Each structure stands twice: as C-alpha cells, then as structure tokens.
Amino acid sequence: MRWSDTLIPTLRDAPQEAEIPSHKLMLRAGLMRRLAGGLYTFLPLGLRALRKLEAIVREEMDRAGALEVLMPAAQPRELWDRSGRYAVMGELMYHVTDRQKREMVLGPTHEEVITDLASREISSYRQLPKTFYQIQTKFRDEIRPRFGLMRAREFIMKDAYSFDTAWDAADRSYQAMYDAYARIFARCGLRTRVVEADTGAMGGKWSHEFMVPSEFGEDGIVECEACGYAANLERAERAAPAFDRPGGGGAPPPEEVATPGRSTIEDVSQFLGCAPERLIKTIIYVVDGKTVAVCCAGDREVNESKLRRALEASVVEMADEAAIRRVTGARVGFAGPWGLSIPVYADLGLDGAADYAAGANRDDAHLRHVVLDRDARIAARHDLCVARGGDPCPRCSGALRERRGIEVGHVFKLGTKYSDSFGATFLDEAGAARPLVMGCYGIGVTRTLQAVVEQCRDDKGIIWPLSVAPYRVALLVLNPGDGGAGEAAGRLAADLEARGIDVLLDDRDERAGVKFNDADLLGLPLRVVVSARGLAAGKIEIKPRAGKEVAQAPLEGAADRIAAMCGE
RNA sequence: CGGGGCGUAGCGCAGUCCGGUAGCGCACCAGCUUUGGGAGCUGGUCGUCGUGGGUUCAAAUCCCACCGCCCCGACCA
C-alpha cells in the first residue's frame, strides 16, 4: 500500500481530548478519530491492527474447540427480565423502542441470548460439552467513558459461553478458555498478569481477570511476590495483621469526649490528636434489607463485595441518614459499635484492638480508651476491608504489593445461574433433566488493542509487535525522483507483497526527517529505507523499530532478507 | 449525578481580567530554492470565536441559560 493512496492523518500534537500515552499515540498515528464521548471511528491503519488482533482471537478460539456464532446486538427486554438482570444492568444499557413500541436493549453482553439459545437447542448430554463465541460490538452507556478505547460506550468484545453437564466438566471448559487466553495475549505481545477477581453483576462462583500492568489501568490489584497470590482489589483477601499494641487488660475505661462538629475521621483524628488507624470507623449498612454495623480501622475502606460475600447476601448498600439516626441515635459521623440493637461485624484488622477512639452514638461526642472486645459485642469478624500494599498475604507469610492494571480478559465460572432462570436443561444418561453448567469468557478486543499500544511504545511512538502491526514493513523512499529510488522502492514493495508481506510504502513528497519521524510514530516493526545514496552502492537499510542498529543490506536479495525478518 | 477545568481555523494555542469587529505556530494550496531526523522564502485558502438569549453605539471579551469535551469522585463485566 502506498501512503499517498491511503489515509494516515498523523498529528504532530496530540489533541487535548487525550490524556494517557496510548490514547495520544493512537490519535497521533492516525489509527482512529473520536466521534463523540466514548465513540471512535477506526481509520484504515487502526482497522488493520484490529483485524489482525481479531484473527488471533479467532484462531485460538477455534483451536480451543469453541464454535463461532453471531448474535444480535438488539435484544428484547423480556430476556433481561427473565434473568433478573434488567434491574441490575438497566442503567448501563442503551434502550430502544421499535415501531411496535416493543422495548429493546442494545446488548452490553450476551449471557441471556446464548442461554435462551442453549435452552432451545441443547437437550441431551450427547450434545455436550459446547462452547460458543462471537466477536461483536457491545454497547454500554458508561457513566464516564475514559481514555479512548479503554472505557468506551461502544466497543468490540469477544465473548464466549461454555455449556457442560457438570461442575468438573465445566472446570475443563474453563481451563481451556483460560489457556487460550494466555496464548492470545502472549501472541499479541502482551505481558499479562492473571488475578483472582470479583464476579460483580455477572454472578457466578469464581473468576480470573487477565490484567496488563499499567499505571493508567483502572483496576487496582495486589500481588504477593513470595507465593504468587494476585487479586483484584475488589476481591483481594488479606491476613490479619500482626499486632504490636497494648493489650486490653490494663487499658483505662472508656471516656467520653466532646467533639462538636467533628464528624469525619480526619477531623476527629486531628481534634483528638490520634492517628486515623487508631480510630474505629463504624458504618451502617443495609444488607438484604437488614440493618447492620460494620467496624474497621479509621484509615481503611470497607469492601462492599467482601461484606456481601461474608454475610452471604446479595444486596449491600449504605444506610441513609434517617436510618443511621434511628439506629445510633446520633447524626452521621458519631456512630460507635456499642449499645446497638443491630449486629456488629468487625474487620479482622481490629482484632485485639485496644485503646482506640470511636463515636459515642451521641451527637458531637466520641469515646476514648476503647477496647473493642471489652466494650462492644461483636457478632462476627471477617476480612471486610479493601486490601492494600503492605498488607499480609492471605496465603503465605509474605506481604502484598499494590499496582494498577488494565483488564483485557475475564473468565467466569457461572454455574447454573442463567440456565436456572431460562430453564436450560439437558437429559442425562439416566433420562433426568439437569441444568446446564455454564462459564462465560470475555476479551475486550478494542481495549486490548490499546493495551498493546500502552505497553509497546517509547517517547517517539508506537512499537508494534509483528503479530498485530497494521503493516509489518514501513518502506521509506527518500527523494523518490533521484537515482531511480522511487522505482527501486516500488519494485521492492511489489516483491514483498507477492510474498505475502504487508508493506506501507511512504512515497510522499516529504523530507527525510518527516518520514523518519512518522515511521517512528506509526511504529511498524521493520523500517526499510531506499535512497539514491544507498542505491549508488547497491544498498538499502533495514532497522527494526524496537532496536537501535541500522543494518545495510544489498538491494539484491533484500526481499528474502526482509521476509525472513518478518517470520515468513 | 457532585467537584474542577476547558471550548477561538484540521491540530496546538494567544487574545477574555480592562468591550472597538480575530491572531500566532504547524497543517493545507501555488511558486522558487532545499533534500538522510519534523526545511527556507514569497504569496494564498480555511473561523456561525460551542449554542441560544440579554446588556451595549459596539460583544470572542460583560450577564443568563443550555450543550459538548477533559480531569477527580460516586458508579461500573
């Protein structure tokens, strides 16, 4: 392809809309353009990279035995009512009404559609196991689209769904997808980290996320360097800290202190001259309709997913102001764990807590010298806080390290949540109807493309891996009119294309510097320069984008040499 | 939805405080020179100054409302 025949609108400056390096580079390199918030047009160069990535995903899905299908983006609302997710996902979905006034949604994911299909088409254990996948545009009305393709409102996703006769068989399907994912990301040139994850609105028993470590990732993760434990902060466990604190025995009795208007941890901490971690934070939650109190150290955040799991509940929300006043008898900010008629759950970070300060359950007052076990009745202790760097590892004696990651893939063991709501059953060998055991597996394809750029770049531009590069070779002609350079480059390009090597021939009437800089920006893996100067000596030059050294090579046989470097 | 910032040519920006009828760099078009890391000179094109309303002899500039974008938060496979 000749540069002058395609459209690659490179930009010297990054548009203001872009914040993170990959987003800026994708705009500057002419891969895509923004239409509106979270909506992007892929330009020819960006689309080529996307298609290559999709091809890798397809190959590995097929190799893993998954069957490609294509489901509609528009789905009847009733499907979502049946799974009960209309209420959970309602706000996240785009709603459309057709001329018959039927309510439709644009699919943010396809568990409902595939389970409906399976319930109709799968009836015997003889048909199992089956895994279906599709590569398709998803729609999510994100509250805040961000960072280009990282969190877009319309994006391409590879989603897959497995159906098995039983849990152990489902585990094998899960493992097959897990392994396929590892191969896919490796082939894309990505270093990924697998972490244990929360299942969120998807439901299900267990899940793993494939994370690309990046300071611009939207997810926090912790990992233990000693044993390899790694988890999303939404799920990450932590062991009880080793305490080095005065025991409760000798502590003086609680003492009430007036703390007028000091309702935040920060205010109280300053006012009492007491570190935030020596305060007990008491938060009132409504868990499946029941009001409970949750205590943790003042410098910690309650992890609502952990709370939900610990109490085996399905809905956790913070109590409103009226409920807090009713339960504690005080305004927000003065709650404490004593004298409450509701169950009090304590985070394990408070084990052995002695000589703490906490709200007095009375307006404008706190208590000092609190010993939790002595002064409050605790219903149960659980790990209820968001983990963070430095916390003890839940699996070994190591310490957790915190970092950020971009979620590019997520695999879930779903179980029978959807097959139950859709009556998706099969007959086993004994002729008994049993629910299909499901798994679901997603790869954010467009997000993965940006993650590649995020991970493969330098200060001059992108450094595409061969596997997903829009073209494998950038062929630069300097001064095409001189010494037959233009003709020689044209012949070399044709020669490479005949061998199946995709080449971008920069035939523009631009100065060398412009071409070199654009080549660095575009980041095609191999840069080949044809110039009159080189040709006079019968030479061209070859330089990998990732390297520094420029190799001179004879024009004779150059195509062979380049093809070999492209892995052909 | 709350807090903050921004909106002036394709991109990056100045001008706004203090009202006087729009500018700079890059890009783009033409010509000449130049030609291995974002060339030089000359000439030229491109603007409902986000939108609507108001104040004023006069509004990019002041006032009101709205819209869009970005960041932080809440939220979110």
Side-chain angles (χ1 to χ4, degrees), chain A residues 7 9-20 23-24 27-30 33-39 85 88-93 107-112 138-148 150-153 155 157-161 197-204 207-211 216 218-219 232 234-235 301 304-305 317-318 406-412 414 440-444 447 460-461 476-483 485 506 508-521 527-536 539-541 543 550 552:
Chain A
L7 179 70
T10 56
L11 298 173
R12 196 172 289 204
D13 303 303
Q16 220 185 6
E17 74 194 56
E19 191 64 20
I20 67 174
H23 188 192
K24 288 180 179 169
L27 294 170
R28 285 189 56 213
R33 286 291 184 265
R34 189 185 67 86
L35 173 66
L39 301 175
R85 284 210 296 180
V88 185
M89 302 275 256
E91 289 284 282
L92 184 64
M93 296 193 284
T109 175
H110 281 70
E111 283 76 19
E112 280 77 2
K138 300 286 194 237
F139 298 86
R140 293 189 189 182
D141 188 2
E142 292 288 352
I143 295 172
R144 181 141 95 89
R146 232 189 288 225
F147 301 154
M150 287 295 187
R151 180 161 298 268
R153 295 195 297 182
F155 58 98
M157 178 167 166
K158 188 288 303 174
D159 46 326
Y161 308 89
D198 190 49
T199 54
M202 197 61 74
S207 79
H208 287 98
E209 286 169 335
F210 287 75
M211 291 285 188
F216 301 107
E218 289 193 82
D219 289 279
N232 192 306
E234 291 169 353
R235 163 173 274 270
E301 298 299 322
E304 295 182 8
S305 316
E317 47 194 356
M318 280 174 92
I406 300 163
E407 177 193 352
V408 289
H410 202 157
V411 292
F412 297 81
L414 283 180
C440 76
Y441 318 92
I443 289 179
R447 177 187 285 185
K460 309 215 75 167
L476 278 51
V477 207
L478 307 186
N479 307 310
D482 284 3
D506 190 350
R508 292 176 300 170
D509 181 20
E510 288 287 357
R511 297 171 65 84
V514 172
K515 295 192 178 195
F516 284 131
N517 279 305
D518 271 347
D520 287 341
L521 176 61
R527 187 188 78 191
V528 177
V529 176
V530 176
S531 67
R533 197 173 84 184
L535 287 179
K539 298 279 181 74
I540 60 162
E541 65 181 49
K543 176 185 171 296
V550 178
Q552 303 288 330

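Every chain is numbered from 1 and lettered A, B, ... according to where its sequence line falls, protein lines coming before strand lines. Hydrogens, waters and symmetry mates play no part in the numbers below; they use all other heavy atoms, side chains included. Bear in mind that the values here come from a model prediction, so they are computed numbers and not experimental data.
Rounded to whole Å, atom P of B:rC76 lies 16 Å from atom CZ of A:F155. When rounded to the nearest whole Å, the span between CG of A:D482 and P of B:rU35 equals 10 Å. Taking atom NZ of A:K539 as the reference point, atom C1' of B:rG36 lies 17 Å away to the nearest angstrom. If you take CG of A:D13 and C1' of B:rC11, they are 6 Å apart, rounded to a whole angstrom. To the nearest angstrom, C1' of B:rA27 lies 12 Å from CZ of A:R508. A:K515 has its NZ atom 18 Å from the P atom of B:rU34, to the nearest Å. Between A:F516 atom CZ and B:rA39 atom P there is a gap of 13 Å when expressed in whole angstrom units. Rounded to an integer number of Å, the gap from A:E510 CD to B:rG40 P is 13 Å.
Taking every side-chain heavy atom of A:R12 into account, B:rA27 is the closest of B:rA27, B:rC69, B:rC76. Of the listed nucleotides (B:rC76, B:rC70, B:rG36), B:rG36 has the atom at the smallest distance from the side chain of A:A512. Distances were taken from every side-chain heavy atom of A:F147 (C-beta onward) to each of B:rC72, B:rC76, B:rG37; the shortest belongs to B:rC72. Between B:rU35, B:rC70, B:rG36, one nucleotide has an atom nearer to the side chain of A:N479 than all others, and that is B:rU35. If you check B:rG37, B:rC75, B:rC71 against the side chain of A:E19, the one that comes closest is B:rC71. Nearest to the side chain of A:R533, among B:rC11, B:rG38, B:rG36, sits B:rG36.
If you check every strand for non-hydrogen atoms under 4.0 Å, A:E218 touches nothing. Nucleic acid contact class of A:G442 (heavy atoms, under 4.0 Å, all strands): none. Heavy atoms of A:K460 sit under 4.0 angstrom from at least one base atom. Base engagement by A:R28 is indicated by at least one non-hydrogen atom pair under 4.0 Å involving a base atom. Among the heavy atoms of the strands, none lies under 4.0 Å from A:A18. A:E541 comes within contact range of at least one nucleobase, with a heavy-atom separation under 4.0 Å. A:R153 comes within contact range of no nucleotide atom at all, as no heavy-atom separation falls under 4.0 Å.
Put simply, the side chain of A:R144 and the base of B:rC76 share no donor and acceptor less than 3.5 Å apart. The base of B:rG7 has none of its N or O atoms less than 3.5 Å from a complementary donor or acceptor on the side chain of A:E17. The base of B:rG38 is paired with the side chain of A:D518 by a donor and an acceptor separated by under 3.5 Å.
For the OP1/OP2 pair of B:rC71 and a distance below 4.0 Å, the side-chain nitrogens and oxygens of A:Q16 include no atom meeting the criterion. When the side-chain nitrogen and oxygen atoms of A:R146 are compared with OP1 and OP2 of B:rC76, none of them lie within a distance under 4.0 Å. Listed pair A:R511 / B:rA39 meets the phosphate criterion, a side-chain N or O lying under 4.0 Å from OP1 or OP2.
With hydrogens and angles disregarded, a donor-acceptor distance shorter than 3.5 Å links the side chain of A:R28 to the backbone of A:L11.
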Could you give me the CA-CA distance, side-chain angles and deciding distance for A:R12 and A:N517, then say whether side chain to side chain contact (heavy atoms under 4.5 Å, CB included) is met?
-> CA-CA 10 Å; A:R12 196 172 289 204; A:N517 279 305; over 6 Å; no

What's the verdict on side chain to side chain contact (heavy atoms under 4.5 Å, CB included) for A:R447 and A:M157, showing C-alpha distance, side-chain angles and the deciding distance?
-> CA-CA 9 Å; A:R447 177 187 285 185; A:M157 178 167 166; over 6 Å; no

Evaluate the criterion side chain to side chain contact (heavy atoms under 4.5 Å, CB included) for residue pair A:E317 and A:E304; output intermediate values, then yes/no.
-> CA-CA 8 Å; A:E317 47 194 356; A:E304 295 182 8; over 6 Å; no

After noting the C-alpha distance and the side-chain angles of A:M89 and A:T109, does the key distance pass the side chain to side chain contact (heavy atoms under 4.5 Å, CB included) rule?
-> CA-CA 10 Å; A:M89 302 275 256; A:T109 175; 3.9 Å; yes

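The environment of A:Q552 atom CD is dense: over 12 non-hydrogen atoms of other residues, nucleotides or ligands sit within 6.0 angstrom. The number of heavy-atom neighbours closer than 6.0 Å to CD of A:E91, taken from other residues, nucleotides and ligands shown, is 12 or below.
The minimum heavy-atom distance linking A:D198 with A:S207 is given by the pair O-OG, 3.6 Å.
With a cut-off of 3.5 Å on both pairing distances, B:rC75 has no Watson-Crick or G-U wobble partner at all. Under the Watson-Crick or G-U wobble criterion, with both distances below 3.5 Å, B:rG37 has no partner in any strand shown. With a cut-off of 3.5 Å on both pairing distances, B:rC17 has no Watson-Crick or G-U wobble partner at all. Pairing partner, B:rC66: B:rG50, with both Watson-Crick or wobble hydrogen-bond distances short of 3.5 Å. Pair check for B:rU56 finds none; no Watson-Crick or G-U wobble contact set falls under 3.5 Å. Base pairing annotation: B:rA9 forms no Watson-Crick or G-U wobble pair, as no partner gives both donor-acceptor distances under 3.5 Å. Pair assignment for B:rC28: B:rG44, on the basis of Watson-Crick or G-U wobble contacts that are both within less than 3.5 Å.
Mapped onto RNA chain B by nearest heavy atom, A:R34 and A:T10 fall at different nucleotides, with A:T10 at the one closer to the 5' end. Between A:E407 and A:H23, the residue whose closest nucleotide on RNA chain B is further toward the 5' end is A:H23.
Distance check on atom P: B:rG2 versus B:rU16 gives 31 Å, rounded to whole Å. Taking the C1' atom of each, B:rG38 and B:rU56 are spaced 47 Å apart, rounded to whole Å. Straight-line distance between the C1' atoms of B:rG4 and B:rG43: roughly 46 Å, to the nearest whole Å. Across B:rG54 and B:rA59, the matching P atoms stand 12 Å from one another, rounded to whole Å. For the C1' atom pair drawn from B:rG73 and B:rC13, the interatomic distance equals 30 Å after rounding to whole Å. Comparing B:rC49 with B:rG68, their C1' atoms sit 15 Å apart, to the nearest whole Å. For B:rU55 and B:rC72, the P atoms lie 41 Å apart once the distance is rounded to whole Å. To the nearest whole angstrom, the two C1' atoms, one in B:rG23 and one in B:rG15, are 7 Å apart.
Under the 4.5 Å side-chain criterion, counting only non-hydrogen atoms from C-beta, A:Y161 is in contact with A:H110.
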